[in-house]
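Here the structure comes first, spelled out in structure tokens, and everything after it is commentary.
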Amino acid sequence: MIVIKTAREIDCMRQAGRVVAEVLEVLRENIVPGVTTLELDRLAERECAKRKARPAFKGYGGFPFTICASPNEKVVHGFPDSDPLREGDILSVDFGVVVDGYFGDAAITVPVGKIDGVRQRLIDVASRALHCGIERAVPGGRLSDVSHAVQAYVEAQGFSIVREFVGHGIGRQLHESPQLPNFGPPGQGPRLKAGMTLAIEPMINAGGPAVTILEDGWTAVTVDGLPSAHFEHTVAITERGVEILTQV
Ligand code: MG
């Protein structure tokens with residue numbers, strides 16, 4: 001069942017979303033050659049504490065960290081570690097919080113120093129793909145219009161869509177109904193209406209779409225070892241259209 005949120009609930013989610021956006025901006029400024037993802041994880045935790053927000057991922061299904069840190073060929077759910085990031089890497093950071101019982105969830109992919117042209121284009125296409133999806137999250141449309149818009153844009157750019165992980169409803173739970181794939185034909189699934197809140201999150205690979213999970217049971221990596229990018233926003237569908245909750 002898709003939970004429709006009241007205006008008051010969306011206001012709570014706006015506050016959670018603002019914290020997510022602010023902390024991701026702090027992280028972005030600190031993603032430089034030499035920093036470790038474990039340092040970024042601790043930084044995220046301190047930034048949450050400052051804002052009296054609880055990290056949403058730590059302990060979720062046993063996930064042991066505050067951020068998911070997925071460099072290069074890692075797609076999602078990477079564990080922060082003590083390896084310094086190197087010039088030319090890209091890093092996907094997925095991060096969520098709970099404020100007053102409501103969740104916000106977002107992801108960014110950030111260049112580490114100067115990166116090559118393919119990685120830059122991958123980041124640009126993944127970011128634009130997210131916005132192609134968001135534009136279709138409007139009252140009266142169908143859920144798979146969002147999926148299709150993401151897929152059509154990404155494949156036209158020559159990159160591939162990860163199938164195994166999907167976006168989701170969000171609210172009092174981190175993951176609510178419906179599931180939101182980043183591929184598929186348009187015009188299917190539930191009709192979109194005001195009060196729905198969704199986490200839209202395309203994961204885009206430079207090479208083939210296939211992914212596999214490492215021995216830690218969490219980290220998804222591309223099978224061909226080529227880089228992957230991930231962007232996510234939590235959005236609310238309103239009478240007037242769509243509002244992005246996880247941006248400052
Ligand atoms: Mg998510």
Side-chain angles (χ1 to χ4, degrees), residues 2-3 5 10 12-24 27-28 41 44 48 53-70 74-80 91-99 101-110 126-127 129-134 136-137 143 146-147 149-151 154 161-184 189 192 196-205 211 213 218-220 228-237 242-247:
I2 300 177
V3 181
K5 277 78 178 179
I10 289 175
C12 290
M13 291 184 68
R14 217 172 260 129
Q15 292 177 41
R18 185 176 308 122
V19 170
V20 170
E22 287 175 1
V23 174
L24 280 174
L27 294 176
R28 184 199 297 277
D41 190 71
C48 282
R54 181 166 69 78
F57 299 170
K58 199 166 195 170
Y60 186 89
F63 189 80
F65 297 97
T66 293
I67 62 170
C68 300
S70 309
K74 292 182 180 166
V75 179
V76 285
H77 305 159
F79 284 6
L91 178 67
S92 298
V93 178
D94 195 348
F95 171 69
V97 299
V98 199
V99 176
Y102 288 87
F103 284 84
D105 184 7
I108 54 176
T109 300
V110 182
S127 170
L130 169 59
H131 287 277
C132 289
I134 290 172
R136 306 314 292 263
L143 186 69
V146 177
S147 313
V150 171
Q151 180 181 22
V154 168
I161 298 277
V162 173
R163 263 57 172 184
E164 284 82 351
F165 302 99
V166 298
H168 48 93
I170 179 169
R172 278 194 166 279
Q173 317 265 358
L174 179 58
H175 295 115
E176 295 184 352
S177 190
Q179 291 201 346
L180 175 50
N182 295 298
F183 61 93
L192 299 174
M196 288 181 179
T197 44
L198 299 169
I200 305 176
E201 51 176 322
M203 288 141 264
I204 310 301
N205 294 350
V211 302
I213 308 290
W218 281 98
T219 311
S228 185
H230 178 208
F231 281 87
E232 176 178 19
H233 272 308
T234 297
V235 307
I237 300 173
V242 63
E243 177 184 342
I244 299 175
L245 302 178
T246 40
Q247 76 183 4

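All ligand and atom numbering here is 1-based and tracks the order in the structure.
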Next item on the list: Would you check if the distance from the ring center of His175 to the ring center of Tyr60 is below 6.0 Å?
Entry: yes
Margin query: Looking at every non-hydrogen atom in both residues, tell me the closest pair between Leu180 and Ala199 and how far apart they are.
Written below: CD2-O, 4.3 Å
Note to self: Keeping to distances under 2.8 Å, can you name the protein N/O/S atoms close to the Mg ion (ligand 1)?
What the structure shows: Asp105 OD2, His168 NE2, Glu201 OE2, Glu232 OE2
Item checked: Smallest separation among heavy atoms of Val166 and Glu201, with atom names -> O-OE2, 3.5 Å
Next item on the list: Give the C-alpha distance, both sets of side-chain angles, the deciding distance and a yes or no for ring-ring contact (aromatic ring centres under 6.0 Å, His included) between Phe65 and Phe57.
Entry: CA-CA 7 Å; Phe65 297 97; Phe57 299 170; over 10 Å; no
Item checked: Any donor-acceptor N/O pair, Ser147 side chain to Pro181 backbone, under 3.5 Å -> yes
Notebook entry, point to check: Counting only N and O atoms by type, is there a donor-acceptor contact under 3.5 Å from the side chain of Thr234 to the main-chain atoms of Asp105?
Noted result: yes
